[in-house]
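One structure is given below, encoded as structure tokens.
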Amino acid sequence: MGGFALLHRRQGVAVDGPVATALGVFRDMGSPAAIEVDGEDYVFRYFPKTLDPRHQFLDLGAGRFLAAVGTLVYRSAVGAEALRQLAQRSDIADELPRCRGHFILIEGGPRGLRMLRDPSAAIEVFHDPARGVFSTSFLAVARTLPRRVLRRQEAYEYLFHGHTLGTDTVIDGIRRLDEGEQVAIGKDVRVHQSGRPVVPRPATGDRRTLAGKAVDVLSESLSEVCTAFAGRASLALSGGYDTRLVLGLARRIGVMPDLFVYGAAQSPDVVVA
């Protein structure tokens, strides 16, 4: 997936120590060497994917850059090529509805930076509002704190559910960015809602027409993803609805994927597959 550490240069607050701490966390996780960007008001460290040779960091010159964490597909392109196409647009935020995948987009320049996420906000970003620290790594943020205090309610939620239910985390002072939240960093740090509706307006029409439109939209999305990877696709197949639908869509757009099943040999899912 890759990752990043981002620190705001607050008035009179040294960032060298926290940056070194965050770098140590990623190094201990086996991440590749960081790509370093130092802006006037921020310090940004980008860690490429470990097992994927495609860089998702684009140096635009004059201190400007565009980077992605996760998997970004845009106009049937992936990785650096997707970023190059996005960089040609007047405002990448306007292109988010055309982007596929689970990703975080970071656009930076000498005097500022902004962070955009896919509509589902599938990749977590952890944030220490008091110190202006952001990272995809919870540990990287936690270890920059002078002391760590457990939040009782969130600890119970994590123990019983495997995750916390709100934007607070198990450590006091660290929050998760909420769904739809974007980040802008300049002299100040601004975390704000994008204002874009997560759920589209209800469609109108009869059932058959709506079903046809849904199949067309899904086919277009899958076609862009498969084209980005030159038609190389592996799909799980079971007796369930989701995998059968994706296989049907792949066949509809002319892609013949490799298939795999999972489970015991005589389980209903494997037999049906």
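The shown structure was predicted, so the numbers you read here are calculated from the model rather than taken from an experiment.
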Test your reading of the model: is there a side-chain donor-acceptor pair from [X] to the backbone of [Y], 3.5 Å cut-off?
{"X": "Asp178", "Y": "Glu181", "value": "no"}
{"X": "His102", "Y": "Val69", "value": "no"}
{"X": "Thr243", "Y": "Ser238", "value": "yes"}
{"X": "Thr21", "Y": "Gly17", "value": "yes"}
{"X": "Ser31", "Y": "Arg27", "value": "no"}
{"X": "Thr209", "Y": "Gly205", "value": "no"}
{"X": "Arg114", "Y": "Gly108", "value": "no"}

Heavy-atom closest contact ([X] atom, [Y] atom, distance):
{"X": "Val270", "Y": "Ala264", "answer": "CG2-O, 3.3 Å"}
{"X": "Tyr42", "Y": "Gly109", "answer": "OH-O, 2.6 Å"}
{"X": "Pro18", "Y": "Thr144", "answer": "O-CG2, 3.7 Å"}
{"X": "Val78", "Y": "Ala228", "answer": "CG1-O, 3.8 Å"}
{"X": "Ile253", "Y": "Cys226", "answer": "CD1-SG, 4.5 Å"}
{"X": "Pro97", "Y": "Ala93", "answer": "CD-O, 4.2 Å"}

Arg100: salt bridge (charged side-chain N to carboxylate O under 4.0 Å, His left out) partners, not counting sequence neighbours: Glu224
What pairs with Lys187 under salt bridge (charged side-chain N to carboxylate O under 4.0 Å, His left out), at least two apart in sequence or on another chain? Glu40, Asp41
Nearest 0.5 Å, what's the OH-OG1 distance between Tyr156 and Thr164? 16.0 Å
Determine which pairs satisfy salt bridge (charged side-chain N to carboxylate O under 4.0 Å, His left out) with at least one residue from [range], sequence neighbours left out, and list them in order.
{"range": "residues 120-143", "answer": "Glu124-Arg176, Asp128-Arg131"}
{"range": "residues 76-87", "answer": "Glu81-Arg84"}
{"range": "residues 235-264", "answer": "Asp216-Arg252"}

Between Ile106 and Arg117, is the side chain to side chain contact (heavy atoms under 4.5 Å, CB included) condition met? List the steps. CA-CA 9 Å; Ile106 306 100; Arg117 296 192 294 164; over 6 Å; no
Set of residues satisfying side chain to side chain donor-acceptor pair (under 3.5 Å) with respect to [X], sequence neighbours excluded:
{"X": "Asp16", "result": "none"}
{"X": "Arg151", "result": "Glu154, Asp168, Asp172"}
{"X": "Gln182", "result": "none"}
{"X": "Asp269", "result": "none"}

Please find out if less than 6.0 Å separates the ring center of Phe4 from that of Phe134. no
Ring pair (Phe, Tyr, Trp, His ring centres under 6.0 Å) contacts in which one or both residues fall within residues 232-273, not counting sequence neighbours: none
Regarding Thr71 and Lys49, do their side chains bring together a donor and an acceptor under 3.5 Å, going by distance alone? yes
Surrounding CZ of Arg111 (heavy atoms of other residues, nucleotides or ligands, distance under 6.0 Å), is the total greater than 12? no
If you count every heavy atom of other residues, nucleotides or ligands that lies below 6.0 Å from Gln193 atom CD, does the total exceed 12? yes
List, by chain and then residue number, the residues other than Tyr74 in its hydrophobic cluster (Ile/Leu/Val/Met/Phe/Trp/Tyr, side-chain heavy atoms under 4.5 Å); write none if there are no others. Leu58, Leu60, Leu66, Leu72, Leu83, Leu86, Ile92, Leu96, Phe103, Leu105, Leu116
Connected to Val141, directly or through other members, by ILVMFWY side-chain contacts below 4.5 Å are Leu7, Val15, Val19, Leu23, Val25, Phe26, Met29, Val43, Phe47, Phe126, Val133, Phe138, Leu139, Leu145, Leu150, Tyr158, Val170, Ile171, Ile174
Quick one: do Asp188 and Arg10 satisfy salt bridge (Lys or Arg N to Asp or Glu O under 4.0 Å)? Show the steps, please. CA-CA 8 Å; Asp188 299 311; Arg10 293 177 180 263; over 6 Å; no
Same hydrophobic cluster for Leu210 and Val215, using side-chain heavy-atom links shorter than 4.5 Å among ILVMFWY? no
